[in-house]
Peer 1: 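This structure is in structure tokens; I'll ask about it shortly.
When a ligand or atom number is given, it counts from 1 through the structure's own listing order. Heads up: numbering here begins at 1 and tracks the sequence.
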Amino acid sequence: MGSHEKHNCVWTILPLWLCAVSFLFLAANNGGPATVGASHDVYNMMNVQSSSRATPHSINHIHRTGYHFQPSRNWINDPNGPMYYKGWYHLFYQYNPNGSLWGNIVWAHSVSKDLINWKPLKPAIYPSKPFDKFGTWSGSATIRPGNRPAIMYTGIVDDKQSQVQNLAYPADYNDPYLQEWVKPDHINPIAVPDSTINQTAFRDPTTAWLGRDGRWRMLVGGKRGGQRRGIAFLYWSRDFLKWVKAKHPLHSSDGTGMWECPDFFPVRVQGTAGLDTSATGGENGAAAVKHVLKVSLDETRYEYYTVGEYDEGKDRYTPDNSSVDGWNGLRFDYGNFYASKTFFDPSKNRRILWGWSNESDSYPEDLVNKGWAGIQAIPRTIWLDPLGKQVVQWPIKEVEAIRHNKVELKNHKLKMGEKIEIKGITPAQADVEVTFTFHSLDKMESFDPNWNIYDAQKLCGIRGSTVQGGVGPFGLATLASKNMEEFTPVSFRVFRTQDDTHKVLMCSDATTSTLNNTNMYTPSFAGFVNVDLTKNKKISLRSLIDHSVVESFGAGGKTCITSRVYPTLAINDGAHLFAFNNGTELVTIETLTAWSMVNPKIN
Ligand code: DQQ
């Protein structure tokens, strides 16, 4: 939500159908992630109309998830301020207590011992003060020395959605649930837009980090007034109470538009362990570190990140040459995954990534009728790939505790056009890990030099899972109906590039996911996988399948894609799972292990 200044649907009194039609027009013409954004704004428009009359509707359970985080009803968006405190994981999230469209946003709050079973608490932060009277938008938690958490969040101060940053701290540090939060009048707001800052494009403070010079730093997302330069404004503080803006931002990039929900954190150059956000590397035997800067692009509703060097002395971040800054950058997830945020988990020495996965049924009426909207993706451990050019993500270990009914398949060969059904589990709610091998790359298709090397999604649209290839497409057909009238394929396809190397495309294609094609946004999400298949002719895939979501992890988590889908036949017992090969090269399923997933206790 957010850049309302540019979206006519939000503020005009266009009839709803016209907005919906213009959304479909955008969806048909852009073909890219921008369409996701368009849908959010249509929702906004409905909220403006409906927030006062929003009443709890009956809940439609067909596509609700079994083991993903969602409250019992209503709208959710960004994960906020995740942290670990006194034995409990805390998740706050943007929530509309009054309905299933965006609006009336508060910080809802749940706690967990294992990041899988969740206990709801009352909202932690909600509009109550002049500095947040019109909204309590996204922000982050920082654990200050002495185990003292604090939250920084964006307050909306007027009906034009002008934004300031605020600080809240727990009323009682002895309460492990951190139920009460104080927003002191004498210090808030802690940051207001100065004359150089666009006041409706100034939000989502990061977790703060403490420099060697004893000074705290935090970032606020923004864009240069009127222009499309995305900015991570940098703020400094000696005491965490009084914050001043640094002369220059930590980083900015032209042509990217508003940067929402920035996230900036150190990663070890070697190993998978996480680091505290204040960790600095390389000195006194400390592990060498790099930094990751992620931003969520309001214009397109996808995120990108870079890996680079943070110079603490100059307070500048410079992406490495191998990291593209801008719309073609690397993504944590090439699908429906937005406003993500990481935190350091000191209890298990890892950094964990949360991300919001919005609905893809496009009409606001669908959400109103369902009575709920939005889920949080399964938390992922995140670390730097050994080659140093990208991050790797893997579902947290704890999710394995809800696996049951294991089935296994070994050394099964799939000729061109063959598929095999994986039986003995509940395919609508499952976890599946598979490794595919093949003998040679000789049959690879050529990568047409006219194709845009960044536009994996378009390529997947042209060369979908049923279009015969050479090496691939092979993969899993998830949420499939018995006779494949509906299925969401997650697949790999290998191309020969002009320099005689290869490029691996991974697709999670929702175009065939449902027979109900009227209101659906069904993109062929895709990303390239940076793997060398010449020596080891082998690639792995894991998919977490949960009724209306398929979260997939290619090559051990190098490329991740989340799709939201709404089958009509492939629901509950009508859902099936297959592995398939539609390439002329014979593919072997070296191992496939699948499990049903039980329902944890969620809210
Ligand atoms: N959602 C929040 C904003 C943030 C946006 C409002 C990202 O703070 O920029 O609900 O989805």
Peer 1: Assign the ring pair Phe265 / Phe332 to parallel, tilted or perpendicular, where the plane angle (0 to 90°) is split at 30° and 60°.
Peer 2: tilted
Peer 1: Report, in ascending order of atom number, the atoms of ligand 1 lying under 4.0 Å from any heavy atom of Tyr338.
Peer 2: 7 (C), 11 (O)
Peer 1: Between Tyr317 and Lys294, is there a cation-pi geometry (under 6.0 Å to ring centre, at most 45° from the normal)?
Peer 2: no
Peer 1: Are His63 and Asp361 close enough, and set up right, to give a side chain to side chain donor-acceptor pair (under 3.5 Å), and what steps lead you there?
Peer 2: CA-CA 11 Å; His63 295 117; Asp361 32 5; over 6 Å; no
Peer 1: Under 30°, 30 to 60°, or over 60°: which ring-plane class applies to His90 and Phe92, parallel, tilted or perpendicular?
Peer 2: parallel
Peer 1: Show me which atoms of ligand 1 lie under 4.0 Å from any heavy atom of Asp204.
Peer 2: 3 (C), 4 (C), 8 (O), 9 (O)
Peer 1: Based purely on interatomic distance, does Arg203 place a nitrogen or oxygen under 3.5 Å from a nitrogen or oxygen of ligand 1?
Peer 2: yes
Peer 1: Need the ligand 1 atom indices (1-based, order shown) with element for anything under 4.0 Å from a heavy-atom of Arg301.
Peer 2: 11 (O)
Peer 1: Taking everything shown except Tyr126 itself, do over 12 heavy atoms lie less than 6.0 Å from its OH?
Peer 2: no
Peer 1: Near Ser138, which atoms of ligand 1 are under 4.0 Å from a heavy atom of that residue?
Peer 2: 2 (C), 8 (O)
Peer 1: Would you call Lys341 and Asp263 a salt bridge, using N to O less than 4.0 angstrom?
Peer 2: no
Peer 1: Do Glu180 and Lys122 meet the salt-bridge criterion of a basic N to acidic O distance under 4.0 Å?
Peer 2: yes
Peer 1: Could you tell me, atom by atom, which parts of ligand 1 come under 4.0 Å of a heavy atom of Glu260?
Peer 2: 4 (C), 5 (C), 7 (C), 9 (O), 11 (O)
Peer 1: At the 4.0 Å heavy-atom cut-off, does Thr154 count as touching ligand 1?
Peer 2: no
Peer 1: Tell me the nearest of Gln94, Gln161, Gln163 to atom 6 (C) of ligand 1, using heavy-atom distances.
Peer 2: Gln94
Peer 1: Please list, in number order, the atoms of ligand 1 under 4.0 Å from a heavy atom of Asp78.
Peer 2: 1 (N), 2 (C), 3 (C), 4 (C), 5 (C), 7 (C), 11 (O)
